[in-house]
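Worksheet: the structure to be examined is printed underneath.
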Amino acid sequence: MKRFIALTLAALFCAIPLISLSACSQQTETLTVCNWGEYISDGTDGYMDVIAEFEERFHVKVDYVLAETNETLYSMMKSGGGDYDVIIPSDYMIARMIKEGMLAKLDYNNIPNFEANIMPQFKNLYYDAKNEYSVPYFWGTVGLLYNEELYTEEVTGWDNLWCDGYKNQVLMFDNPRDAFAVALQKLGYSINSENEAEWREAADLLKSKKFDYCMDEFFDKMPGESAVLCAYYAGDCYSVMQENESLRFFRPEHTNVFNDAMCVPATSAHKELAEKFINFMLEKDVGLANTEYLGYSTPNKLVFDALPEEMKENDDLYPEMQDTWEYMHLLPENIENLMNELWLEIKAENK
Amino acid sequence: MRSKRLLYPYLVWMALFVIVPLAIIVFYALTDKAGAFAPGNLGYVKNSASIYLDSLKIALLSTVFCLLIAYPFAFLMSRMKVSRQRMMNMLVMVPMWMNFILRIAAWILILDNNGILNRILLAFGMSRDALPTFLNTEGAVVVGMVYNFLPFMILPIYSVMAKIPNSLIEASRDLGCNGFQVFRRVILPLSVPGIITGITMVFVPAASTVVIAPRLGGYNLIGDQIDQYFKGSANNMNAGSMLSLVLMIVILISIAIMNRFDRGEDTVIM
């Protein structure tokens, strides 16, 4: 008898998640948003909890999930694993997704804020020339972040990443496109190089040093001083610089400018709601909360005008475009495959 | 008759969740993206030969350390009072109730440059420049594996040891065995089935595990490479399937070798 009771209880426990799941789905429409870690204002530090605000205003439920890199997002969508309604990929990945028919054309009647708020220089960009599939979210550059107390050498450019010493204290992007971009730029090549030999050279360069490959661990390791030097996105560098006063940002002469934009996958079952979400993200207060909290550079005119002076005038965040800077373009297929193979080699040999 | 009928649901389960997925992997391993026969996938295995060897090396090391730690522990545990044995059993199990990723993250906190271990060294007067690096080394990977898989070594060994009656040990003592002989002639042979099970249960997951090596060692082992082929930008399920098929074969061969060793020991006991 005792056993029977125990078994029944165990079965009930197993059934609990099923019950709560079905209860939720009946209530309201659910919007699945996939974003990068630390890429939305979530209510900390007194800023707006953007997701909660949207849920409240539109009486819907938002299923907010994280992806670590563009590549993970891509393969999740390809394998049918991710049922997303809104995604925020980077420029080169948007180009790839458009080419492979993975994105839905947006109905801009539902996104009036795009026309009104987005600055003209962020419209009709290289990755989506007619701006049919994507709405800019943030942009920025890549640069070096170092701890001036602990990293005592003079910082002059990407070469610093291959410095001697500082074992295990130099971070590198844990995704192929960004890591290769750094190596290619150090070698003086284009980040969109179509020459296989240049990519192999860049791979050898990355293999020549044991880096600590990481993405979101950056937010612990740099301010926590367990790493002293890294290449990372300017917006994130700005936000960790607020936590640790010894951190300094340096932008090498050759760097890349990225644009991240909001898109709706072709498979989305809630396209209209997704467009409303995108429109919501372009509102002044929402954009302001995101921009102030994250430190990334906004393409939104209303938001930019409302920023505090010290952010607006910060050259790390809102620099003048230089001729030496590059955008990331979609790579030809042979280069894309080569990069992926080389990347796996690099990761396996990084002992 | 009745008992056989009870088996059917299980057989259906096995077919659906073991045989079919295996067949799918074999199919993907032998074809290319378009679905055509592609023996060229073996090239991925050739390129990854050294990664296989690395993974086997780490798995072997972890198994040896697990065995060295678990064997005396299991023996001591099996000689305790029953109530205390139960408590020890619990203590071995409790860490496994925690999420695997969390346990790895805990090790990162301990081993990091600025982690708990190095802070202790700093507190004892070591200078910051002289601090050793623990994280992102092969040693850290082995530590992570041993920590994660130790219960799988302790429990099977303990369960056979618990069945060795004290009277057997006393009898061998009475018949003139010294301490070492008791171990060599009585305890060791009787615990071999537990050891073999333990080794299999540690070696197999250690050889194919994900996450531990990249998080603690900063590099990929074969499980992570397979993971990357499925999840990373390569998005090459065929290469990933081929690698995992070969990994399965390698593990199968290792187990076969171990089982042969097992039977050999059995005949010695007989």
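To find a chain, count down the sequence lines: A is the first, B the second, and so on, and within it residues start at 1.
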[X], [atom1]: over 12 other non-hydrogen atoms inside 6.0 angstrom:
{"X": "B:M96", "atom1": "CE", "value": "yes"}
{"X": "A:Y126", "atom1": "OH", "value": "yes"}
{"X": "B:M98", "atom1": "CE", "value": "yes"}
{"X": "A:E245", "atom1": "CD", "value": "no"}
{"X": "B:Y28", "atom1": "OH", "value": "no"}

> If you count heavy-atom pairs under 4.5 Å between each of B:M237, B:Q228, B:R128, B:E138 and chain A, which one has the most?
Replying inline: B:R128
>> Out of B:I51, B:L135, B:D224, return the one with the most heavy atom pairs under 4.5 angstrom to chain A.
In response: B:L135
> Which residues in residues 333-341 of chain A have any heavy atom lying under 4.5 Å from a heavy atom of chain B?
Replying inline: A:N340, A:E341
>> At a heavy-atom distance under 4.5 Å, which candidate from A:M76, A:Q169, A:E345 has the highest pair count against chain B?
In response: A:Q169
>> Between A:N168 and B:F134, is the side-chain contact (heavy atoms from CB on, under 4.5 Å) condition met? List the steps.
In response: CA-CA 9 Å; A:N168 203 21; B:F134 296 108; over 6 Å; no
>> Please find the pair of heavy atoms, one from B:Y219 and one from A:A348, that lie closest to each other, and give the distance.
In response: CD1-O, 4.0 Å
> Could you go step by step and tell me if A:E217 and B:R215 meet the salt bridge (charged side-chain N to carboxylate O under 4.0 Å, His left out) rule?
Replying inline: CA-CA 10 Å; A:E217 293 93 333; B:R215 298 304 295 276; 3.5 Å; yes
> Is it the backbone or the side chain of B:Y44 that comes under 4.5 Å from a heavy atom of chain A, or both, or neither?
Replying inline: side chain
> So which part of B:D54 gets closer than 4.5 Å to some heavy atom of chain A, the side chain, the backbone, both or neither?
Replying inline: side chain
Nearest 0.5 Å please: distance from the [atom1] atom of [X] over to the [atom2] atom of [Y].
{"X": "B:N113", "Y": "A:Y166", "atom1": "CG", "atom2": "OH", "result": "13.5 Å"}
{"X": "A:K351", "Y": "B:N220", "atom1": "NZ", "atom2": "CG", "result": "10.5 Å"}
{"X": "A:K167", "Y": "B:T133", "atom1": "NZ", "atom2": "OG1", "result": "3.5 Å"}
{"X": "B:K231", "Y": "A:E71", "atom1": "NZ", "atom2": "CD", "result": "12.0 Å"}
{"X": "B:N136", "Y": "A:N350", "atom1": "CG", "atom2": "CG", "result": "7.5 Å"}
{"X": "B:N114", "Y": "A:D220", "atom1": "CG", "atom2": "CG", "result": "11.0 Å"}

Side chain, backbone, both or neither of [X] within contact of chain B (heavy atoms, under 4.5 Å):
{"X": "A:T72", "result": "both"}
{"X": "A:L150", "result": "side chain"}
{"X": "A:R96", "result": "side chain"}

